Amino acid sequence: MRIVDLRSDTITRPTPAMRRAMADAEVGDDVFGEDPTVNRLEEMAAERLGKEAALFVASGTMGNLVSLLVHCGRGEEFILGDQSHTFIYEQGGSSGLGGIHPRTVPNQPDGTVDLHNIEAAIRPDNIHFPRTRLIALENTHTRCNGSPLDANYMHAVGEIACRYEIKVHVDGARLLNAAIALGVEPRDLVADADSVTFCLSKGLGAPVGSVVCGSRDFITKARRVRKVLGGGMRQMGVLAASGIVALTEMPDRLADDHANARKLAEGLADIDGLSIDPERVKTNIVYFEVTRSDMTSKLLPEQLSSEGVRLLSTGPNQLRAVTNYHVTSDDIEYALGAFCKVLRNI
Ligand code: TLP
């Protein structure tokens with residue numbers, strides 16, 4: 001059966017070039033700093049993001065947690081959006097493992113957090129309050145329609161952080177999608193950030209891995225924290241090799257994913273019983289609502305999956321589709337046909 005898997009871009013399997021690079025990778029013990037392929041990936045990633053140094057980690061979740069643990073101590077606070085991945089989907093690791101207090105402020109539909117709300121959430125020096133150490137942003141913002149946050153906004157947050165002498169972390173799991181969508185370099189979006197995590201294993205297609213970038217001093221501390229979390233992975237050049245291919249060969253094609261997402265959104269907007277504003281779709285993530293009383297967001301994916309189309313239910317009436325490099329423009333037409341067929345047959 002034809003499969004169009006739109007559940008996430010995390011489902012992407014390594015390309016033939018990645019598999020070849022993995023097989024041929026030169027490796028060493030990375031805990032001794034002796035894996036040449038890991039070292040090369042880290043140098044490339046740091047250069048790409050305009051930072052001094054970088055650290056290869058197992059996942060986006062690990063990259064965010066390592067960064068939080070470096071920036072904040074027990075009982076200290078960080079400010080983040082209430083729709084952020086770190087707040088919703090990372091098991092509360094900051095408090096569970098670090099004793100770090102999350103202070104949420106509302107995300108706007110475009111993934112930003114109102115600057116006044118950020119400033120108002122920063123604690124004054126008072127014996128009753130935790131100390132605010134960090135602002136965490138997400139770019140692109142997964143739950144806010146995969147919206148890219150532009151350089152002006154990122155800079156404005158950086159200015160606030162600078163004024164209050166606190167740090168900025170960016171969960172840039174899909175930072176390269178943001179850069180492609182906005183037509184800028186990734187480094188332009190994170191110039192004001194003290195740390196950034198970006199993922200190789202989402203739209204860029206690597207099987208495993210994320211990279212944390214920051215100053216040399218920050219990365220030295222992050223390397224120590226990664227070790228205590230069990231993330232010293234020895235001959236991980238085998239994985240880093242696929243990351244190097246991901247970073248060199250895959251970013252430009254993210255534009256295709258964005259075009260396919262927009263095409264899907266426009267098609268869904270024309271289907272009775274579904275609701276979506278295609279204008280909201282700027283990258284590869286498409287959220288839409290089921291509006292028919294005889295259909296639910298649980299039932300629709302079940303019925304679509306018998307047509308080979310896979311997507312995720314993300315709320316009582318809400319569904320999510322994410323384009324990725326296994327999904328062609330032709331697949332989008334096939335998926336739209338499957339939606340029509342399933343909704344017609346009820
Ligand atoms: N997001 C996944 C799910 O966990 C929801 C997805 O399919 O979108 N930051 C952001 C902004 C993310 O979207 C994700 C993964 C992560 C961090 C975590 O990355 P991993 O899965 O590598 O730990």
Side-chain angles (χ1 to χ4, degrees), residues 30-33 38-39 41-43 45-81 84-87 89-104 118 121-123 130-139 154 157-158 160-173 175 186-187 189-200 209-233 236 240 243:
D30 181 59
V31 175
F32 292 129
V38 172
N39 293 344
L41 171 67
E42 291 177 346
E43 277 164 29
E47 205 275 326
R48 195 77 193 255
L49 265 64
K51 300 294 175 199
E52 282 175 5
L55 181 71
F56 187 39
V57 292
S59 64
T61 302
M62 182 184 265
N64 289 333
L65 180 60
V66 162
S67 302
L68 292 171
L69 290 170
V70 172
H71 289 305
C72 310
R74 300 189 72 80
E76 294 181 337
E77 193 167 73
F78 72 116
I79 297 170
L80 77 175
S84 61
H85 191 278
T86 298
F87 184 60
Y89 296 119
E90 294 175 21
Q91 234 190 73
S94 66
S95 56
L97 300 178
I100 306 164
H101 198 233
R103 172 90 181 269
T104 55
I118 292 181
I122 298 171
R123 307 274 194 168
R131 286 206 170 87
T132 306
R133 288 290 184 212
L134 177 76
I135 303 166
L137 297 173
E138 185 173 314
N139 197 0
M154 301 297 283
V157 174
I160 296 176
C162 191
R163 218 164 347 110
Y164 288 88
E165 296 185 4
I166 60 179
K167 306 284 186 195
V168 175
H169 172 70
V170 177
D171 175 356
L175 186 74
R187 56 170 60 213
L189 297 174
V190 294
D192 296 277
D194 297 282
S195 58
V196 189
T197 304
F198 75 94
C199 295
L200 299 162
S210 297
V211 188
V212 185
C213 301
S215 68
R216 219 172 287 292
D217 177 53
F218 170 84
I219 293 298
T220 302
K221 292 175 181 154
R223 197 174 289 282
R224 200 177 150 76
V225 173
R226 182 188 68 175
K227 186 72 174 73
V228 77
L229 295 177
M233 291 189 286
M236 44 175 191

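Basis for what follows: all heavy atoms, side chains included, without hydrogens, waters or symmetry-related copies. Nothing here was measured: the structure is a model prediction, and the numbers come from that model.
- Taking the salt bridge (Lys or Arg N to Asp or Glu O under 4.0 Å) definition, one finds that Glu90 meets it with nothing, sequence neighbours left out.
- Using a 4.5 Å heavy-atom cutoff, the side chains of Ile100 and Leu134 are not in contact.
- Between the side chain of Asp194 and the main chain of Val168, a donor-acceptor pair closer than 3.5 Å is present.
- Partners of Phe87 by ring pair (Phe, Tyr, Trp, His ring centres under 6.0 Å), not counting sequence neighbours: none found.
- For the salt bridge (Lys or Arg N to Asp or Glu O under 4.0 Å) test, no residue two or more places apart in sequence or in another chain qualifies with Lys167.
- Under the salt bridge (charged side-chain N to carboxylate O under 4.0 Å, His left out) criterion, the residue pairs touching residues 46-55 are Glu47-Arg187, with sequence neighbours excluded.
- Annotation: ring pair (Phe, Tyr, Trp, His ring centres under 6.0 Å) contacts of Tyr89 (sequence neighbours excluded): His85.
- Using the six-membered ring where Trp is involved, His71 and Phe218 have ring planes that are parallel, under 30° apart on the 30 and 60° scheme.
- Here the side chain of Glu42 pairs a donor or acceptor atom with the backbone of Phe56 at under 3.5 angstrom.
- Put simply, the residue from Asn64, Thr197, Asn139, Thr61 that forms a side-chain hydrogen bond (donor to acceptor under 3.5 Å, both in side chains) with Asp171 is Asn64.
- Annotation: salt bridge (charged side-chain N to carboxylate O under 4.0 Å, His left out) contacts involving residues 72-81, sequence neighbours excluded, comprise Glu76-Arg133, Glu77-Arg103, Glu77-Arg123.
- Proximity of Phe78 to Ser94: side-chain heavy atoms (C-beta onward) are separated by under 4.5 Å at one or more points.
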